[in-house]
Amino acid sequence: MEMLLRPQSGPTSAVDLAAAYPWPPGRSWVRAMMVTTLDGAATGPDGLSGSISSAGDQQVFAETRRLADVVLVGAGTVRTERYQPLRAEPAALDERLSIGLAVAPRLVIVSASLQLPWTDPVFGESAVRPLIFTVGDCDTTALAVARKHAEVTVLPGSQVDPVAVLDHLTSLGLFRVVCEGGPRLLADLAKANVVDEADISIAPLIVGGGQKVTGSAMLKPNRFMLVHSIVDDGYLFNRYVTS
Ligand SMILES: NC(=O)c1ccc[n+]([C@@H]2O[C@H](COP(=O)([O-])OP(=O)(O)OC[C@H]3O[C@@H](n4cnc5c(N)ncnc54)[C@H](OP(=O)(O)O)[C@@H]3O)[C@@H](O)[C@H]2O)c1
């Protein structure tokens, strides 16, 4: 991998990903991690993000969650991407424990319907019990089912308020949040102006479909500063932070 640093300090041949994706100390921080194609698709022809990803993208993806407290996702992503259990990674365990993190990040899901693939091992075999945020008018039968498989927090209203989610996570001592999508949840976070960092992988692909509709754009977009671009196999791994 080659890193292009700003301002022009020139390319380096080896990238220390741990140094390139730091967490700020002592505060809540929301990192959005997504891969997109040149034509703005979130998925390839199979409807999954893996088919537009690369080995380098997987390395960056792994680094962005390695020392996270929380992996935050929308229910649509859980239904399609079928996450593997979040478990202690031996290579990360000592560092996690030495800085006071749990053995693995906690999976946190936002869902109004509570229609989730409950038999997937991510619910029964993750190191930390998943946590779901749902809405006050959720279906009570679905809520009872959900509580068998995860901890569920019911928030008022017919949509989950991202600010309330982050306040709740902070109250649990969970500050380092990596949101792995999908597009709908990311749009909600952006509209609530809570995205601190955007780690956006750009795949050198045009797939001619796979863009997700997330509603109308904000009148005042969130503005970010580019921190770095890493170039690998034609992919660009861009890290932006709020300006
Ligand atoms: N390219 C990438 O990096 C990437 C990353 C992740 C996912 N994806 C792809 O994106 C697709 C899924 O897209 P998506 O936009 O539907 O995913 P999503 O944001 O993960 O899921 C949308 C669902 O999340 C719940 N949700 C989100 N915000 C909510 C809120 N504020 N209040 C209540 N519920 C909320 C709702 O669940 P309920 O329907 O249960 O109420 C909603 O239908 C999949 O094809 C996946 O493979 C791509």
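Both backbone and side-chain heavy atoms feed into the values below; hydrogens, waters and symmetry mates do not. The model shown is predicted, which means the values in this text are computed figures rather than measured ones. Order of appearance sets the numbers: ligands from 1, and atoms from 1 within every ligand.
- The ligand atoms of ligand 1 that sit less than 4.0 angstrom from a heavy atom of Q159 are 30 (C), 31 (N), 32 (N), 33 (C).
- Heavy-atom contacts of L185 reach the following atoms of ligand 1: 19 (O), 28 (N) (cutoff under 4.0 Å).
- In summary, E95 and R66 engage in a salt bridge, as defined by a charged side-chain N under 4.0 Å from a carboxylate O.
- Every residue two or more places apart in sequence or in another chain was checked for a side-chain hydrogen bond (donor to acceptor under 3.5 Å, both in side chains) with S111, and none qualifies.
- Of all the heavy atoms of V160, the ones lying under 4.0 Å from any atom of ligand 1 are found in both the backbone and the side chain.
- Close contacts of ligand 1 with G47, meaning ligand atoms under 4.0 Å from a residue heavy atom, involve 45 (O), 47 (O).
- Atom CD of Q84 is surrounded by 12 or fewer heavy atoms from other residues, nucleotides or ligands within 6.0 Å.
- Neither the backbone nor the side chain of Q115 has any atom closer than 4.0 Å to an atom of ligand 1 (non-hydrogen atoms only).
- Salt-bridge annotation for R65 and E89: absent, with no side-chain N of the basic residue lying under 4.0 Å from a carboxylate O of the acidic one.
- Ligand 1 has no nitrogen or oxygen under 3.5 angstrom from a nitrogen or oxygen of V135.
- Using a cutoff of 4.0 Å between basic side-chain nitrogens and carboxylate oxygens, D199 and R31 are scored as salt-bridged.
- Close contacts of ligand 1 with E180, meaning ligand atoms under 4.0 Å from a residue heavy atom, involve 5 (C), 6 (C).
- Around the CD atom of E81, the shell of radius 6.0 Å holds more than 12 heavy atoms that belong to other residues, nucleotides or ligands.
- Shortest contact from atom 31 (N) of ligand 1 to any protein heavy atom: D188 OD2, 2.8 Å.
- For L48, no nitrogen or oxygen atom sits less than 3.5 Å from a nitrogen or oxygen atom of ligand 1, counting backbone and side chain alike.
- The side chain of T80, and not its backbone, has at least one atom closer than 4.0 Å to an atom of ligand 1 (non-hydrogen atoms only; side chain from C-beta on).
- Considering only non-hydrogen protein atoms, atom 7 (C) of ligand 1 sits nearest to T77 OG1, 3.1 Å.
- Ranked by closest heavy atom to atom 36 (C) of ligand 1, the top entry among R184, M34, K191 is R184.
- In this structure, R27 places its CZ atom where more than 12 heavy-atom neighbours from other residues, nucleotides or ligands lie under 6.0 Å away.
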Identify every side-chain donor-acceptor pair in residues 157-166 under 3.5 Å, counting partners at least two apart or on other chains, and give the distances.
residue: Q159; atom: OE1; partner: R184; partner atom: NH2; Å: 2.5
residue: D161; atom: OD1; partner: V163; partner atom: N; Å: 3.0

